[in-house]
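Here's the structure we're looking at; comments come further down.
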Amino acid sequence: MAKITVKQVKSIVGRPESQRKIVAALGLGRIDKTKELGDTPAVRGMVAKVSHLVEIVEK
């Protein structure tokens with residue numbers, strides 16, 4: 001399975017609860033924290049929902 005690395009680049013302070021839950025489900029929560037996840041449609045959808053808070057890191 002392909003992997004993607006997701007990095008949180010902005011804070012979740014002041015964001016709606018749904019966005020906070022998505023960031024937590026991705027395994028993030030602090031700025032500059034990274035997580036390697038499987039490249040699935042579900043993960044891509046979560047990243048798309050909070051694309052203004054996270055970025056996909058190229059290796």
Could you walk me through whether Lys49 and Leu26 pass the side-chain contact (heavy atoms from CB on, under 4.5 Å) test, one step at a time? CA-CA 12 Å; Lys49 288 279 189 177; Leu26 289 170; over 6 Å; no
Any sub-3.5 Å donor-acceptor pair from Gln8's side-chain atoms to Lys33's backbone N or O? no
Please evaluate residues Met46 and Val54 with respect to the criterion side-chain contact (heavy atoms from CB on, under 4.5 Å), reporting the C-alpha separation (whole Å), side-chain torsions for both, the decisive distance (0.1 Å), and the verdict. CA-CA 10 Å; Met46 288 192 286; Val54 301; over 6 Å; no
Quick one: closest heavy-atom pair of Arg15 and Lys10, and the distance? NH2-CD, 4.4 Å
CD1-CD1 distance between Ile22 and Ile12, expressed to the nearest 0.5 angstrom: 11.5 Å
Sequence neighbours left out, what passes side-chain contact (heavy atoms from CB on, under 4.5 Å) with Lys7? Give chain and number order. Val9, Asp32, Thr34, Glu55, Val57
Shortest non-hydrogen contact between Leu28 and Lys35, atoms and distance: CD2-CB, 3.9 Å
Residues two or more places apart in sequence or in another chain: which of them pass side-chain contact (heavy atoms from CB on, under 4.5 Å) with Lys21? Glu17
Among the clusters formed by ILVMFWY side chains lying less than 4.5 Å apart, do Ile31 and Val47 turn up in the same one? no
Atom pair NZ (Lys3) and CG (Leu37), whose distance is rounded to the nearest 0.5 Å: 8.0 Å
